[in-house]
There are 2 protein chains.
Amino acid sequence: MVALNAARPLLDAACSRPNACNRCEARRVGLCAPLDAAALADLAAGGMRVSFAPREALFRQGDPADHVFILGGGTARLTRLLPDGRQASVGLRFGGDVLGFTPDAEHALGAEALTEAPACRIGRGELERLFRRHPALERHFLDLCARELAATQDHLVALGRFTAEERVAAFLVTLAEAQERRGHRSPVFDLPATRADLGELLGLTLETVSRTVSAFRRRGWLRAPGPHAVELLDRRALAALASGVGAGAG
Amino acid sequence: MVALNAARPLLDAACSRPNACNRCEARRVGLCAPLDAAALADLAAGGMRVSFAPREALFRQGDPADHVFILGGGTARLTRLLPDGRQASVGLRFGGDVLGFTPDAEHALGAEALTEAPACRIGRGELERLFRRHPALERHFLDLCARELAATQDHLVALGRFTAEERVAAFLVTLAEAQERRGHRSPVFDLPATRADLGELLGLTLETVSRTVSAFRRRGWLRAPGPHAVELLDRRALAALASGVGAGAG
DNA sequence: CGGCACTTTGATCGTGGTCAATAAGTGTGG
DNA sequence: CCACACTTATTGACCACGATCAAAGTGCCG
């Protein structure tokens, strides 16, 4: 549906064959999409192509933060492990997103691939050099950071004031939008996480997530061909819940 | 207690008398501290000095986002009002922090002063011009944004996985640190918010906040000369709770 | 086919929310 | 200076949402 041949090779420049990375979303959305060819070539040249298997860590909480990763596609999550073993997830990240960019010396969060995830790994020093050579790149990092902040604030409001149903509805609607923005066209979309993962992301237990999805299914608001696939049937109802209109309205 | 005369006038350049703004923290911490004199002079010249009374709005949720504000001192909070009247607070902001910097056309959050708050108001267009003239300023916005993101993620973890006591403890310790970083030396520090404000910030009700503070007081962990003043007596205990070590440890 | 990880559903419990009453401040006007 | 109104804080009694504990059920891979 999307005219891929109109896109420049962009990050693919770092691949062995220029047009081999068909799954790289980064060139269409996120960091790389708005960059000019020269900046992208430099970015690709300065970074190292890597790929992560599901459940593989891009970096761990506490690791020295001397690399950033630009996701080429797939899904990853950022997590915090508390001293007593509790785990919280701060958000999902997709193709075009930057992970591990922090002013601190160590990563305060771990990053873990949920699907097979191609990425571009760049050293902090190299990144600083690129910033100096391509001021537009620095500006795009600023925009991306502001956007990530806004998304995190939305999530924060959800955890602070939303009920379990509202949180799950908000998550489903947001995820569907994210996948559509990345070119996904099928009405059935992927839920790239276990119930436990979703619980950690939404501040709920895995049982509550499961029960809530079941409740939505019983109401005819969604269909779940499998535990990791969802089709939103009544998006209006889910979006209403997700916006926080309360029990009074529909 | 702090040698004020050692600091450059910085933002004060916009004041009628160069050294009149003794309460402006922005020149010591946050955005302005690391900037060179020329950039600061331009920043001050491009911005308009304004001051907000307690409970006055810097901007409202839904307002066109055509200005940013650099807090010169005092405390403000960022809030989201949900359609059904629920209110959530996303964080507190202090001298040196930037408010209202968003890639969106409208403010997704409202900003409200909690104390008397001097600020510098700058139009988006003017800010873009300053970015072009002083690349270091853009870089400082990026650093500030990354730091704000990290703080928001910490808060997110707290709302997702912390108990009421852990949230209140984390808030008190964080606030104490913020005030100390800004030169506050007295052991008794200011709680610039009502119990309802704290509830909105911590995802709790005002009653739970009140009960929790009372519980800490009964345990001898803090002293509260008034509802808006606190002295942390057992910082170790509070910090332990705030770090998420769980019920098992101390 | 067996083992294992994940999901679903049920039963019960507890933290924190809700509703309500009282107390403590705070500012205003007589 | 006190009386009054109003806002905020505290505390208590009760309740509900979601957590916890437990047991089937399902699907995948060896």
Side-chain angles (χ1 to χ4, degrees), chain A residues 53-55 82 84-88 114-115 158-172 190-219 222-230 241 244 246-248, chain B residues 53-55 82 84-88 114-115 158-172 190-219 222-230 241 244 246-248:
Chain A
R55 299 294 157 182
L82 299 178
D84 66 352
R86 279 177 290 180
Q87 192 152 24
L114 291 178
T115 65
L159 295 200
R161 282 293 178 241
F162 278 12
T163 64
E165 290 205 347
E166 288 168 333
R167 293 183 207 184
V168 174
F171 168 75
L172 290 173
D190 226 49
L191 212 56
T194 68
R195 298 290 184 254
D197 293 334
L198 298 184
E200 284 167 13
L201 187 66
L202 301 175
L204 302 169
T205 59
L206 63 95
E207 293 95 329
T208 299
V209 173
S210 178
R211 274 186 249 273
T212 305
V213 172
S214 296
F216 288 167
R217 189 161 13 88
R218 255 174 266 124
R219 278 175 228 169
L222 56 77
R223 211 169 60 82
H228 299 279
V230 183
L241 253 190
Chain B
R55 298 294 157 183
L82 298 177
D84 66 352
R86 279 176 290 180
Q87 193 150 23
L114 291 178
T115 65
L159 295 201
R161 282 291 178 241
F162 278 13
T163 64
E165 290 204 348
E166 288 169 331
R167 293 183 208 185
V168 175
F171 167 76
L172 290 173
D190 225 48
L191 210 57
T194 67
R195 298 289 184 256
D197 293 333
L198 298 184
E200 285 166 11
L201 187 67
L202 301 176
L204 302 169
T205 59
L206 63 96
E207 293 96 329
T208 299
V209 173
S210 179
R211 273 186 251 273
T212 305
V213 171
S214 295
F216 289 167
R217 187 161 14 87
R218 256 175 267 122
R219 277 175 228 168
L222 55 78
R223 211 169 60 81
H228 299 281
V230 183
L241 252 189

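Please read these numbers as outputs of a predicted model, since none were measured by experiment. In what follows, chains are A, B, ... by sequence order, proteins preceding strands, each numbered from 1. Atom set for the values below is all heavy atoms of this structure, side chains included, hydrogens, waters and symmetry mates excluded.
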CD of A/Glu166 to CG of A/Leu202, rounded to nearest 0.5 Å, is 12.5 Å
In Å and rounded to the nearest 0.5 Å, what is the OG1 to NE2 distance from A/Thr115 to A/His228?
-> 13.0 Å
Could you tell me whether a side-chain N or O of B/Arg195 sits under 3.5 Å from a main-chain N or O of B/Ser210, the two making a donor and an acceptor?
-> no
Closest-nucleotide 5' rank along DNA chain D - winner of B/Arg55 and A/Glu165 = B/Arg55
Separation between OG1 of B/Thr208 and CG of B/Leu198, rounded to the nearest 0.5 Å = 12.0 Å
Interface limits on DNA chain D, where chain A has a heavy atom under 4.0 Å of a nucleotide atom | D/dG18 to D/dC21
Please give the angle, rounded to 10 degrees, between the axes at the start and the end of the helix from C/dC1-D/dG30 to C/dG30-D/dC1, where five pairs define each axis.
-> 30°
From the 5' end of DNA chain C to its 3' end, which nucleotides mark the outer limits of contact with chain B, defined by a 4.0 Å heavy-atom distance cut-off (strictly under)?
-> C/dG16 to C/dC19
In chain order, what residues pass the side-chain contact (heavy atoms from CB on, under 4.5 Å) check against B/Arg218, with sequence neighbours excluded?
-> B/Ser214, B/Ala215
If you round to the nearest 0.5 Å, how far is CG of B/Leu204 from CD of B/Glu165?
-> 11.0 Å
Could you identify which residues of residues 205-213 of chain B place a heavy atom less than 4.0 Å from some atom of DNA chain C, listed by residue number, or say none?
-> B/Thr205, B/Glu207, B/Thr208, B/Arg211
Counterpart residues, ring pair (Phe, Tyr, Trp, His ring centres under 6.0 Å), relative to A/Phe216 (two or more places apart) = A/Trp221
Just checking B/Gly203: base, sugar-phosphate only, or nothing, at a heavy-atom cut-off of under 4.0 Å?
-> sugar-phosphate
Would you find a donor on one side and an acceptor on the other, under 3.5 Å apart, between the side chain of A/Glu200 and the backbone of A/Asp197?
-> no
